[in-house]
There are 2 protein chains.
Amino acid sequence: MTEQKPRNDTRETILDAAEKVVAESGARRLTIDAVVERSGISKGGVLYHFPNKSALLDGMVFRMVQSFEEKLAMAEDTARAAGEPVQPHIARAMSVKNDHQKQVAQALLAAISEEPARLEPAHRLLREVDQRFIDGSSDPVMSQIIMLALDGLHHRALLGFDVFTPDIRDAIRERLIDMTWTLHS
Amino acid sequence: MTEQKPRNDTRETILDAAEKVVAESGARRLTIDAVVERSGISKGGVLYHFPNKSALLDGMVFRMVQSFEEKLAMAEDTARAAGEPVQPHIARAMSVKNDHQKQVAQALLAAISEEPARLEPAHRLLREVDQRFIDGSSDPVMSQIIMLALDGLHHRALLGFDVFTPDIRDAIRERLIDMTWTLHS
DNA sequence: GTCTATATCAAGATAGAC
DNA sequence: GTCTATCTTGATATAGAC
């Protein structure tokens with residue numbers, strides 16, 4: 001039995017609240033006080049875990065990067081276990097629209113508004129994924145285009161501009177995954 | 001003789017300065033005072049033209065949208081004059097990396113950090129361009145993918161994450177334009 | 001239309017009790 | 001480890017002279 005993650009300690013509660021604030025009120029209003037209010041934890045408590053606002057942003061970005069990495073690692077493991085190329089699985093993992101993607105958007109948004117330099121871990125991750133995604137492709141430029149289109153999906157969510165109906169979104173996703181298969185078989 | 005545009009009145013100077021502040025110091029530091037300092041115009045002067053910060057953001061977004069619309073209109077005129085489909089020309093116009101794209105990034109960044117609602121004019125524009133770009137395509141899903149990839153290029157510039165060498169960027173651009181031709185001939 | 005001076009407030013950060 | 005109270009600053013906005 002893998003025990004339930006005891007993840008909902010105070011730290012996680014604070015990060016959850018921070019994301020909610022950004023989602024609900026915009027990156028501008030991501031203030032310590034807003035997080036205090038949204039989390040129900042006192043200012044002293046919040047500042048105990050994140051001694052200043054930069055640390056809070058680092059925490060948001062780090063958690064986002066980490067959970068994204070886990071998701072990709074799982075996708076790649078699945079691929080390898082099936083003896084398949086990893087790239088279509090990466091594409092699928094990147095294009096899923098769920099809470100996690102929202103988390104990505106909120107964290108990126110907060111960091112870029114406040115201190116773009118804090119995005120470095122996200123840049124690192126994107127560079128690595130780019131590399132693995134293009135690797136071994138029979139048409140690297142097309143692979144890069146697919147990766148950019150996947151980025152574009154995130155982009156629109158980030159800008160709060162998500163006009164696709166679920167069917168169109170699904171059609172786009174499946175098409176991108178198909179294309180990836182073609183480039184890696 | 002078309003006379004030199006007399007565009008460099010105080011208003012434009014202020015908007016230029018605002019973009020420079022975002023580019024140099026991040027959206028967070030886009031303050032009235034920073035614009036005052038960067039533009040050399042006094043606080044009273046700046047607040048005469050933009051009575052509050054929201055008005056300044058509106059001004060940034062509006063100018064961005066307008067110049068983008070002009071650029072697209074020119075591209076479409078060129079296409080029609082040559083009896084060609086407009087979509088490849090739209091793709092070309094959207095993928096050019098220049099000062100204008102930087103302007104887009106700075107304005108978007110400032111608006112989204114501060115007041116996402118102020119992005120509405122940009123959303124409207126993107127919806128329209130999307131529509132025209134997909135219109136009459138022999139493969140609308142692929143057209144949408146191309147548009148998303150073009151978005152992705154902007155996205156990476158926006159996040160300060162622009163890793164492509166100029167040749168790769170050119171290769172991607174030309175490929176996207178080629179694909180667009182295929183879908184509209 | 002442009003300027004300086006100043007009022008007001010929101011937000012980050014610290015101190016110290018429990 | 002969590003809390004309340006308070007200090008300090010940076011930023012918006014106003015007033016009114018030139």
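Reminder, nothing fancy here: chain letters follow the sequence lines and each chain counts from 1.
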message: When you measure from the side-chain N and O atoms of B:T10 to the phosphate of C:dG1, is any distance below 4.0 Å, counting only OP1 and OP2?
response: no

- prompt: Is B:R28 salt-bridged to B:E114, going by a charged N under 4.0 Å from an acidic O?
  reply: no

- prompt: Expressed in angstrom and rounded to an integer, what is the separation of B:N52 atom CG from C:dC9 atom P?
  reply: 17 Å

- request: Rounded off to whole Å, could you give me the CD1-to-P distance for the B:I32 and D:dT12 pair?
  value: 5 Å

task: Could you tell me whether B:R63 and B:E12 make a salt bridge, using a distance below 4.0 angstrom between a side-chain N and a carboxylate O?
output: yes

Ion pair check, B:R124 and B:E120, cut-off under 4.0 Å: no

task: Would you classify B:L47 as touching base, sugar-phosphate or nothing, given that sugar-phosphate means primed atoms plus P, OP1 and OP2, and contacts are heavy atoms under 4.0 Å?
output: base

statement: To the nearest angstrom, the CD-P distance between B:E114 and C:dA11 comes to 11 Å

Whole-Å distance separating the CG atom of B:D33 from the P atom of D:dT9: 16 Å

- request: Between A:Y48 and B:L30, just flag the one whose closest nucleotide in DNA chain D comes earlier from the 5' side.
  value: A:Y48

- prompt: Should the pair B:R127-B:D130 be classified as a salt bridge under the 4.0 Å nitrogen-to-oxygen rule?
  reply: no

- prompt: What is the distance from NZ of B:K53 to C1' of C:dA10, rounded to the nearest Å?
  reply: 13 Å

task: Tell me what A:S42 touches on the nucleic acid: a base, only sugar-phosphate, or nothing, going by heavy atoms under 4.0 Å.
output: base

task: Give the rounded distance in Å between these two atoms: CZ of A:R11 and P of D:dG1.
output: 12 Å

field: 5' priority, DNA chain D, between B:K43 and A:G40 [closest heavy atom]
entry: A:G40

query: Could you give the CZ-to-C1' distance, from B:R28 to D:dT12, as a whole number of Å?
result: 14 Å

- prompt: Taking CZ from B:R29 and C1' from D:dT9, how many angstroms apart are they, rounded to a whole number?
  reply: 14 Å

